[in-house]
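Have a look at the structure below before the remarks.
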Amino acid sequence: MNRKKKIVVLTGAGISAESGLKTFRDSNGLWENHRVEDVATPEAFARDPDLVYRFYNLRRAQLAEVNPNPAHDALVTLENHFQDDFLLVTQNVDDLHERAGSKRVLHMHGELKSAKCSKTHKAVRWEEDLTAMNLCDCCALQNEMRPDIVWFGEMPYFMDEIYQALFQADVFIAIGTSGIVYPAAGFVAEANSSNTHTVEINLEPSSVQSQFDEQHYGKAGQVLPDYVASLIGE
């Protein structure tokens with residue numbers, strides 16, 4: 001091969017769930033007995049900021065209880081091999097990829113360990129509880145901080161970079177995703193339009209599984225290390 005392949009990986013809640021992290025929604029569409037509309041929209045924050053702060057404070061605190069799993073480790077191996085020809089895009093707001101050692105990571109839905117000014121959207125690292133008493137340091141008249149999370153109705157981060165990477169990719173791998181939430185659910189179609197080889201690794205078929213060239217089902221921590229070894233060995 002004259003050049004290394006360009007690899008784009010998308011990860012979703014499934015890879016974090018294998019580490020024991022609660023997924024955003026349970027089968028009833030609830031998290032901590034709250035409707036998503038009550039804790040994950042700009043309107044919810046305007047209506048009841050204390051509830052929203054509590055919701056994300058609990059999720060941030062749970063990060064101390066979980067660790068990366070073999071699927072996270074396998075992606076570090078993949079990045080170390082392909083280096084600048086590798087990009088990891090995650091829908092997850094936890095820090096498990098970084099704790100495993102991943103460096104080329106784009107958090108398209110934001111991060112639990114980040115907070116931003118509600119006016120300028122300038123983000124800062126944040127690892128403690130966040131409350132209405134925490135004000136920004138970027139405005140002359142300080143504004144309240146909010147979780148640096150992309151809520152429903154808001155535009156995900158890094159979309160230009162992601163679409164450019166998908167256009168240039170030789171292989172696109174989706175891991176632990178439902179194929180329901182857009183725009184991420186449309187990434188496989190975007191990759192297919194550029195003749196990229198597309199791979200789904202999931203506990204069970206996603207809603208867009210038929211669009212993938214290759215599918216592997218089972219726990220990511222068991223399936224992904226072998227797949228990574230085969231990809232590196234090509």
Side-chain angles (χ1 to χ4, degrees), residues 1 3-24 62-63 65-114 156-159 161-166 168-179 181 183-185 187-188 190-191 196-204 206 208-209 212-234:
M1 185 177 295
R3 64 176 178 86
K4 285 185 177 180
K5 292 179 178 178
K6 290 185 179 293
I7 311 292
V8 176
V9 174
L10 170 69
T11 61
I15 194 170
S16 296
E18 288 187 26
S19 286
L21 197 64
K22 294 179 182 178
T23 55
F24 185 73
Q62 196 199 2
L63 295 181
E65 303 170 6
V66 297
N67 293 296
N69 63 61
H72 295 100
D73 296 334
L75 290 175
V76 176
T77 299
L78 196 61
E79 178 178 355
N80 288 341
H81 181 79
F82 288 96
Q83 299 183 25
D84 290 344
D85 290 316
F86 173 91
L87 178 65
L88 174 55
V89 179
T90 186
Q91 297 171 273
N92 300 331
V93 295
D94 58 68
D95 62 346
L96 291 174
H97 284 303
E98 287 85 355
R99 284 164 56 189
S102 293
K103 295 180 175 62
R104 291 179 54 79
V105 186
L106 297 180
H107 284 267
M108 62 182 293
H109 289 163
E111 301 180 63
L112 284 171
K113 289 188 174 180
S114 180
Y157 297 148
F158 309 113
M159 293 309 298
E161 294 96 319
I162 293 169
Y163 283 128
Q164 181 66 21
L166 289 170
Q168 297 176 342
D170 296 297
V171 180
F172 169 66
I173 309 167
I175 305 165
T177 64
S178 65
V181 178
F187 288 172
V188 60
E190 191 74 22
T196 300
H197 183 71
T198 55
V199 183
E200 175 169 271
I201 296 175
N202 219 351
L203 194 58
E204 57 189 23
S206 73
V208 292
Q209 64 88 21
F212 287 90
D213 299 316
E214 185 179 348
Q215 299 95 359
H216 301 273
Y217 298 115
K219 289 187 176 181
Q222 298 173 355
V223 175
L224 188 58
D226 288 341
Y227 182 77
V228 166
S230 68
L231 191 59
I232 290 175
E234 290 181 358

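The pair D170-K6 fails the salt-bridge criterion, with no side-chain N (NZ, NE, NH1 or NH2) lying under 4.0 Å from an Asp/Glu carboxylate O.
When all heavy atoms of S102 and E79 are compared, the closest pair comes out as CA-OE1, 3.3 Å. The nearest pair of heavy atoms linking A100 to D73 is CB-OD1, 3.9 Å. Of all heavy-atom pairs between V9 and L78, the closest is CG2-CD2, 4.2 Å. Residue Q62 comes nearest to G20 through the heavy atom pair NE2-O, 3.4 Å, listed as atom of the first residue, atom of the second, then distance.
For K219, the NZ atom counts as loosely surrounded, since its 6.0 Å shell holds 12 or fewer non-hydrogen atoms of other residues, nucleotides or ligands.
Pairs of residues two or more places apart, or lying in two chains, that qualify as salt bridge (Lys or Arg N to Asp or Glu O under 4.0 Å) and include a residue from residues 97-111 are D95-R99.
In this structure F158 satisfies the side chain to side chain contact (heavy atoms under 4.5 Å, CB included) test together with L106, E161, I162, sequence neighbours excluded. Looking at residues two or more places apart in sequence or on another chain, you find no ring pair (Phe, Tyr, Trp, His ring centres under 6.0 Å) involving H109. Contacts of T198 classified as side chain to side chain contact (heavy atoms under 4.5 Å, CB included), with partners at least two apart in sequence or in another chain: F172, V188, A191, N192, F212, D213. Evaluation of the ring pair (Phe, Tyr, Trp, His ring centres under 6.0 Å) rule for F187 yields Y163 as partners, not counting sequence neighbours. Applying the side chain to side chain donor-acceptor pair (under 3.5 Å) rule to E200 yields the partners S206, Y217; only residues at least two apart in sequence or on another chain are considered. Taking A165 as the reference, V8, L87 meet the side chain to side chain contact (heavy atoms under 4.5 Å, CB included) condition, with sequence neighbours excluded. Checked against side chain to side chain donor-acceptor pair (under 3.5 Å), D94 has the following partners two or more places apart in sequence or in another chain: S16. Partners of A71 by side chain to side chain contact (heavy atoms under 4.5 Å, CB included), not counting sequence neighbours, listed by chain and number: I15, N69, A220, L224. With sequence neighbours left out, Y157 forms a side chain to side chain donor-acceptor pair (under 3.5 Å) with K116, D148. Applying the side chain to side chain donor-acceptor pair (under 3.5 Å) test to T11 and every residue at least two apart in sequence or in another chain returns T90, H97.
Note that CG of L96 is 11.5 Å distant from CD of E18, once rounded to the nearest 0.5 Å. The CD1 atom of I173 sits 6.0 Å away from the CD1 atom of I201 when rounded to the nearest 0.5 Å. Once rounded to the nearest 0.5 Å, the distance linking OG of S19 with CG of L63 reads 10.5 Å. In this structure, M108 CE and M159 CE are separated by 5.0 Å, a value rounded to the nearest 0.5 Å. Rounding to the nearest 0.5 angstrom, the gap separating the CG atom in L75 from the CD1 atom in I7 is 11.0 Å.
Side-chain polar atoms of Q83 and H81 form no donor-acceptor pair below 3.5 angstrom.
Put simply, the side chain of E214 reaches to within 4.5 Å of the side chain of Y227, judged on heavy atoms. Between L88 and F86, some side-chain heavy-atom pair lies under the 4.5 Å cut-off.
A donor-acceptor pair is defined here as one N or O able to donate and one able to accept, closer than 3.5 Å; such a pair exists between the side chain of Q215 and the backbone of Q209. When atom types are taken as modelled, the side chain of N202 and the backbone of T177 share a donor-acceptor pair closer than 3.5 angstrom.
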